[in-house]
Participant: 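So that we are looking at the same thing, I have put the structure below in structure tokens.
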Protein chains: 2
Amino acid sequence: MSDPKIKNMEEFATASGFSRPTVSKYFNDPNSVRKSTRERIEAALEQFDYRPNIYAMNQNRRQTKNIGVVVANLADPFFAEIARNIERLIVEAGFRPILVSSYGSPEQEADALDGLRSIKPAGVLIAPLGRSSDRDAMRAFCDDVPSVFFDNEIENAGEAFVGLNNHQSIGMIVDYLCRSGEAPIFFEMKLPPNPNAFKRRKAYISSMERLGHEPRLVQIDGDGWDFEEIGFRGATEMLTGRPLPSDTVLCSNDRLAIGFLSAAYEQGIRVGIGPDCTLRVAGHDDHPFSRFTCPKLTTVAQDYRSIAEKSVRTLLEVIDSDRRAETRESTLFDGKLVMRCSA
Amino acid sequence: MSDPKIKNMEEFATASGFSRPTVSKYFNDPNSVRKSTRERIEAALEQFDYRPNIYAMNQNRRQTKNIGVVVANLADPFFAEIARNIERLIVEAGFRPILVSSYGSPEQEADALDGLRSIKPAGVLIAPLGRSSDRDAMRAFCDDVPSVFFDNEIENAGEAFVGLNNHQSIGMIVDYLCRSGEAPIFFEMKLPPNPNAFKRRKAYISSMERLGHEPRLVQIDGDGWDFEEIGFRGATEMLTGRPLPSDTVLCSNDRLAIGFLSAAYEQGIRVGIGPDCTLRVAGHDDHPFSRFTCPKLTTVAQDYRSIAEKSVRTLLEVIDSDRRAETRESTLFDGKLVMRCSA
DNA sequence: TTCATTTTTTTACATGCGTAAAATTATTTG
DNA sequence: CAAATAATTTTACGCATGTAAAAAAATGAA
């Protein structure tokens, strides 16, 4: 392949025997030209290896084919996993994903949005930090570019929100724990960085009340996103202190649970549902590592795929229709109970 | 701020009272204009919120300010962590990082390079998949754009390689294990996707021989990047089979060790250095989760920061000097022993 | 074959910037 | 203050594409 070197679309058009506008049309949508034309262009493409200059394209198009994806923390495999799904769907739809991570920092989140702005994306998918996010900056951004939020919501921002039905999922696991043993206490951070945690707290309380049990919150100190470390420290403190009001612990998320289990192990406390176990621990999210904890963690699985699909589909609809949504749509997926051996 | 709306550099130049070329010069390098000019432009910048069109800039510059970062698998927190460091350094150097992940698939790795090509990056940092990488495609890519490899090497590709000194690190932990107990057997995949694994195998063998012990490899089946799962299955099989030739196991990496520990726990085998323990397990990499395994994992820490810094610095030097390296430089950092309680 | 329809070509202009050379103006130095 | 130097402006062109309108050509149906 590649006889002479092709510099631009003009030369490629000449080489392939068509005019530049026709070739341009082909690149914007191969189906917009006659089949015979398409085939001849594609044959030429094999021969001459030319690709349109992406900068010139993006400069002149009304819309770029870029879709920004900003996640709260790529170092958390949960986000990496959902980002992977989202990226795949974006590529399949013929767009180009631009993945950026806030790495837990509000400043970096703001910088990420700022950086995306200059790229003029057709749309953006955002998993915001939550409590520490700059909400005003975020809303201002969403006014300018179509945005769909996932995992975490920012009130009055974006075209839509796609997330987990915490009420259902927490209700489900509280139900399970109550009918299979003692009613759980709720292990969480006093001041969680993540709004989901607040929803889960509320869901826990209402579920317990619904079942006629008294809710008991264990709220541990800690700041930031090092949930395992925070959970470890909180659990160590809790487990060496006075006796627990219940032998069952529901953690606000799997990462706290991972820290909790590590602490319990270190304290020599046997966790699980076996006869020799003195504590049951459950988590939430079905974190990629939760199947390798000791013992394996009973948890609630978020439906990564569905959340990714719905988010991307919703954004693409907004982009295609070329008009902003007048009402903010909110889609919540149910969690699925994943029973392993920790509870 | 922002009185009228500024569309382009022409309008902004007029608004700020300079000519467009002067303003253009400022944006390319603020220090290339007189201080008073710089200050007036910056004042205007506050007032009018304008930012240059990144596509027009990149189209006309000799070089873009983009630096591609392609990692083997973002879903592995090790890569996420090193990517975070690299991204930060790139931003600090005034470039824009473009992060893409192969997610363990050679096709996606090739696609990633292809996608980066169209972005005309000033340079690229690559942590290749290794064994399954398309070496020819990779070398062809490196001919076109300055590339530095990290974590994994591809022979005869790229300007430089920055990684870990497996010989030193494995030697160190073998030394430690031998002097504190029985000589370790080596737990690894039969056909690892990652070339580092081969180096570690060799390093293990030579270290054992140096210390007068017979090397013993336990090579488990499995394909792909689900190391925890592969380690879990391999360990389960191994631990339920005939008695082990040693009570000490060195895993080729932490993710295998995480699976191993999970399996040992399930088998009721107590791992650690305590008196009631029957097995010692060590890993390698100081994976973010290795401090929360049960028991906490003794391992070798890779120096994320140094690897990231050296990689970025090397690439920037190539970019700045505007000439390709004639010799391929290879930098290996020593690992550090992280003693926890698993061995 | 003829006519209506679709596709392609031609022509022309727009986009938002980089950059080079020459002319001008401002600043610094002696 | 004049000369030397540095910064800025003017002018002009280039980059690689999108896009719109009118003209021409190809295609398909009767």
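Protein chains get the first letters and strands the later ones, always in sequence-line order, with residue 1 at the start of each. Remember, predicted model here, so these are calculated numbers, not experimental data.
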Participant: Looking only at the side chain of B:N53 (C-beta and beyond, no hydrogens), which of the listed nucleotides D:dA16, D:dT11, C:dG16 gets closest?
Facilitator: C:dG16
Participant: What is the distance from CG of A:D29 to P of D:dT19, rounded to the nearest Å?
Facilitator: 12 Å
Participant: Salt bridge between B:K310 and B:E329, side-chain N to carboxylate O under 4.0 Å?
Facilitator: yes
Participant: Describe the nucleic acid contact of B:Y50 in one word from base, sugar-phosphate, nothing, applying a heavy-atom distance below 4.0 Å.
Facilitator: sugar-phosphate
Participant: Please give, in whole Å, the distance from C:dT10 P to A:E10 CD?
Facilitator: 10 Å
Participant: Is the phosphate of D:dT17, meaning OP1 or OP2, less than 4.0 Å from a side-chain N or O of A:R51?
Facilitator: no
Participant: Can you measure B:N31 atom CG to D:dA6 atom C1' for me and round it to whole angstrom units?
Facilitator: 16 Å
Participant: Whole angstrom is fine here: how far is it from CZ in B:F12 over to P in C:dT15?
Facilitator: 20 Å
Participant: So, OP1 or OP2 of C:dT8: does either fall under 4.0 Å of a side-chain N or O from A:R38?
Facilitator: no
Participant: When the distance from CE of A:M9 to C1' of D:dA16 is rounded to whole Å, what number comes out?
Facilitator: 8 Å
Participant: Can you classify the ring geometry of B:Y50 versus B:F27 as parallel (below 30°), tilted (30 to 60°) or perpendicular (above 60°)?
Facilitator: perpendicular
Participant: Salt bridge or not between A:E317 and A:R313? Use side-chain N to carboxylate O under 4.0 Å.
Facilitator: no
Participant: Which part of the nucleic acid does A:F18 contact within heavy-atom distance under 4.0 Å: base, sugar-phosphate only, or nothing?
Facilitator: sugar-phosphate
Participant: Has the side chain of A:N28 got a donor or acceptor that lies under 3.5 Å from a partner of the other kind on the base of D:dG18?
Facilitator: no
Participant: Please pick, from C:dC17, D:dT10, C:dT7, the nucleotide with the shortest atom-to-atom distance to any side-chain atom of B:S19.
Facilitator: D:dT10
Participant: Just the rounded figure in Å: distance from C1' of D:dC15 to OH of B:Y55.
Facilitator: 17 Å
Participant: Ignoring hydrogens and geometry beyond distance, is a side-chain donor-acceptor pair present between B:R139 and B:S147 at under 3.5 Å?
Facilitator: no
Participant: Could you work out which one of D:dG18, C:dT8, C:dG16 sits closest to the side chain of A:N60?
Facilitator: D:dG18
Participant: Looking at D:dT9, I'd like to know if its phosphate oxygens (OP1 or OP2) sit under 4.0 Å from a side-chain N or O belonging to B:T22.
Facilitator: yes
Participant: Please figure out whether B:G17 or A:S24 has its closest DNA chain D nucleotide nearer the 5' end.
Facilitator: B:G17
Participant: Would you mind telling me which of D:dT11, D:dC15, D:dG18 lies closest to the side-chain atoms of A:M57?
Facilitator: D:dG18
Participant: Report yes or no: is there a donor-acceptor pair, N or O only, under 3.5 Å between the side chain of A:R20 and the base of D:dG18?
Facilitator: yes
Participant: Side chains of A:E42 and A:Y26: do they bring a donor and an acceptor to under 3.5 Å?
Facilitator: yes
Participant: Using a heavy-atom cut-off of 4.0 Å across all strands, would you classify B:P52 as base, sugar-phosphate, or nothing?
Facilitator: sugar-phosphate
